[in-house]
Amino acid sequence: MKFFVFKKETFIFFLAVGIMLVAISAWFALKAGDTAVFNPQSEEKIREIHMVTAEFKTTQKNGKQLEAYRWDPGTISIEKGEKVHLYINGINGEKHPFYIEGTNIKGTVNKGEETMVPLQFDKEGTYRLICEAHSNRDHNGPMIAYIVVD
Ligand SMILES: [Cu+2]
């Protein structure tokens with residue numbers, strides 16, 4: 001039965017190999033943990049862009065009032081694939097129901113409230129943010145902002 005008797009050195013060798021394997025596994029486990037902690041989904045910085053709803057008003061010589069609504073700024077620029085949070089403050093005008101052409105993004109900006117619109121575009125181009133209530137001159141618009149993606 002001498003075959004099954006390990007020498008002390010052999011035992012120490014296998015013990016050392018075992019400890020190394022445990023250490024390597026622990027290192028990989030910790031590394032995986034790090035990846036989870038620094039998950040870009042939770043830690044990444046998302047750029048903020050701020051916009052307001054503005055109103056222009058005047059009274060013509062004939063007493064008729066002219067008013068127009070606008071998004072301000074009227075053009076914003078973001079990178080392709082970039083994540084942006086667009087914050088729109090409702091300053092003038094009661095309600096601005098909007099949509100972004102070519103996307104399924106829509107919402108409403110209410111007076112005295114802030115609306116956050118998360119943006120990320122995979123395709124370059126110019127996307128129009130259109131207020132449905134003030135889409136053209138006949139409806140006190142055009143209240144259209146341009147989102148330039150490149
Ligand atoms: Cu509007």
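Every number for a ligand or one of its atoms is a count from 1 in the order of the listing. Computed from heavy atoms alone, side chains included, the values below leave out hydrogens, waters and symmetry copies. Note that the structure is a prediction, hence the values are computed from the model and not measured.
The closest side-chain heavy-atom distance from T59 to L66 is not below 4.5 Å. Side-chain atoms of V117 and F98, non-hydrogen and from C-beta on, do get closer than 4.5 Å to each other. Residues M143 and T53 are in side-chain contact: their nearest non-hydrogen atoms beyond the backbone lie under 4.5 Å apart. Under the 4.5 Å side-chain criterion, counting only non-hydrogen atoms from C-beta, L129 is not in contact with I144. Looking at heavy atoms from C-beta onward, E48 lies out of side-chain contact with V84 at the 4.5 angstrom threshold.
Checked against a 6.0 Å centroid threshold, the rings of F121 and Y127 count as neighbours.
Counting only protein N, O or S atoms, 4 lie closer than 2.8 Å to the Cu ion (ligand 1).
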